[in-house]
Amino acid sequence: MGKNYIIDNKEECKFLVNRKTFVDPEILAEEQEKIFSKCWIYVGHESEIKNSGDFHTRNVAGRPIIFTRDDEGLFHVLLNTCTHRGSLVCRGDNGNCKTFLCTYHAWSFKTNGSLVGVPLEASYPKSFNKKDYGLHEVRSESYKGFVFCNFDDYATSLEEYLGEAKLYLDYVADQSEVGMEVLKGTQKYAIRANWKLLGENSIDGYHVAYNHKTYLEYLTDQGQDVSNGLYGQGKSLGNGHAVMEYEAPWGRPIAKAQADWDEETKERIAELRAKIVERVGEEKAHMMCDVSRNVWIFPNLIINDIMSLTIRTFNPISPDYMEVTAWAVGPIDENAQEKEHRLDTFLTFLGPSGFATPDDIESLETAQLGFKNTINEVKWSDISRGMDREISPTTDEKQMRAFWRKYNELMQAKAEKKQLI
């Protein structure tokens with residue numbers, strides 16, 4: 001296919017995506033090199049490692065890592081591979097420990113990555129120095145509790161990379177005066193489709209009325225008016241980031257009441273909103289409380305700040321298979337009743353067996369099956385909708401084009417020459 005990842009014809013308002021980007025193993029390998037090894041990739045939230053010794057092991061950009069906090073309270077992103085012979089040094093999903101132990105030859109490492117224990121150390125030559133064999137630390141930075149890593153030591157700073165997307169992380173981080181936290185429990189599932197399809201789907205307002213008809217009927221049965229749909233717009237946030245923001249019929253745990261909620265809950269929501277207005281002002285409070293948003297932070301982080309608040313990441317395993325991880329997020333000081341409601345709405349719509357996610361998975365997997373007709377017959381997907389107007393409603397595809405333009409820019413870059421040392 002050469003370098004024809006997209007056709008971006010602004011004069012004719014035509015935007016096409018080459019379907020080989022969804023099926024070609026060579027393109028996935030190129031994505032790993034030019035995107036996942038060069039961009040800031042979400043690792044986790046600082047609230048997940050509150051105490052010294054806390055850790056989570058994760059797969060980030062195809063690499064096993066340890067997200068941990070050391071004895072001095074600093075967080076680290078460490079490659080989960082022993083510097084001796086390569087074995088994993090941490091096999092548990094999460095926990096708290098003083099050291100990470102490689103079970104192959106029992107080398108041990110502190111939570112800051114330094115090597116502290118080597119059996120039969122005296123047998124090594126005088127040139128052997130434990131300081132040279134600490135776990136490899138990946139460059140990592142945090143923005144308001146959201147921790148990202150970058151495998152490119154020469155990449156721009158996280159704040160510069162996030163650009164306009166920072167505002168939407170602010171809307172999340174500022175929902176509580178005392179801070180936000182990831183709630184206990186992680187949802188993991190897989191989709192037999194290309195990773196980019198879930199990104200597109202997450203900021204696509206066009207499919208909601210059709211693909212999620214059952215959920216809209218459920219809301220109607222609850223007495224909610226869904227006739228206005230998702231009233232808002234899609235925006236590019238630069239650097240491939242994008243958002244779909246809108247006013248929706250559902251209530252929000254952050255100070256927007258729903259018509260069918262009881263009076264006690266409505267009063268509590270009103271009090272919460274008043275405090276937020278006092279703290280951040282009416283304009284920002286409106287954006288935080290009344291407006292729902294789906295944010296795609298390039299390349300593989302979705303913030304669903306809607307009837308619940310979730311973080312969702314997705315890692316490509318093969319061209320037609322991805323693994324998805326999702327977490328619920330809420331204020332640290334939220335009471336048990338509100339937290340229970342937050343989790344219930346998360347599961348009802350966004351959970352793996354909720355109203356929305358099974359519908360979306362089915363659509364993405366059937367699209368992937370349809371891409372088998374890509375070789376010679378149907379080569380392009382069209383995402384031109386709304387390209388002839390500046391302000392785009394949520395049913396347009398402006399927000400998707402933002403991703404694909406950055407994708408194309410990075411994929412067009414010349415590959416670095418690899419050399420074994």
Enquirer: Salt-bridged, E164 to K235, with N to O below 4.0 Å?
Expert: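 No salt bridge links E164 with K235.
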Enquirer: Verify the distance criterion only: is there a donor paired with an acceptor across the side chains of D333 and S176 at less than 3.5 Å?
Expert: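 Distance-only check passes for D333 and S176.
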Enquirer: Less than 6.0 Å separating the ring centroids of Y168 and Y171?
Expert: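 Yes - the distance between ring centres of Y168 and Y171 falls below the 6.0 Å cut-off.
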Enquirer: So, D70 and H76: side-chain donor and acceptor under 3.5 Å apart, yes or no?
Expert: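 The criterion, which ignores hydrogens and geometry beyond distance, is satisfied for H76 and D70.
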Enquirer: I'd like to know whether the aromatic ring centres of F22 and F371 sit less than 6.0 Å apart in this structure.
Expert: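 Yes, the ring centres sit under 6.0 Å apart.
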Enquirer: What I want to find out is whether K339 reaches E181 closely enough, with some N-O distance under 4.0 Å, to be called a salt bridge.
Expert: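 A salt bridge is present here (some side-chain N lies under 4.0 Å from a carboxylate O).
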Enquirer: Salt bridge between R273 and D290, side-chain N to carboxylate O under 4.0 Å?
Expert: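 Judged by the 4.0 Å cut-off on N to carboxylate O distance, R273 and D290 do form a salt bridge.
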Enquirer: Consider only side-chain N and O atoms of W404 and E200, and report whether a donor and an acceptor are under 3.5 Å apart.
Expert: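 There is such a pair (donor and acceptor under 3.5 Å, judged by atom type) between the side chains of W404 and E200.
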Enquirer: Examine distances only and state if a side-chain atom of S47 and a backbone atom of V182 form a donor-acceptor pair shorter than 3.5 Å.
Expert: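 Present.
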Enquirer: Strictly under 6.0 Å, is that where the ring centroids of H45 and F146 end up?
Expert: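 Here the rings of F146 and H45 have centres that are less than 6.0 Å from each other.
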Enquirer: Step through it carefully: locate the ring centre of F55, locate the ring centre of F100, and say whether they are under 6.0 Å apart.
Expert: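 Judged by ring-centre distance (under 6.0 Å), F55 and F100 do meet the cut-off.
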Enquirer: Is the count of non-hydrogen atoms from other residues, nucleotides or ligands lying under 6.0 Å from Q412 atom CD greater than 12?
Expert: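 Yes, enclosed.
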Enquirer: Looking at H241, is its backbone amide N or carbonyl O close enough to the side chain of Q399 to form a donor-acceptor pair, meaning the two atoms are under 3.5 Å apart?
Expert: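 No.
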Enquirer: May I ask you to check whether F403 and F298 place their ring centres under 6.0 Å from each other?
Expert: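 Ring centroids of F298 and F403 are less than 6.0 Å from each other.
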Enquirer: Pairing donors with acceptors under 3.5 angstrom, does anything connect the side chains of Y215 and D359?
Expert: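 There is no such pair (donor and acceptor under 3.5 Å, judged by atom type) between the side chains of Y215 and D359.
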Enquirer: Step through the shown structure and confirm whether more than 12 heavy atoms of other residues, nucleotides or ligands are within 6.0 Å of CD on E340.
Expert: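 No, because the 6.0 Å sphere around CD of E340 holds 12 heavy atoms or fewer from other groups.
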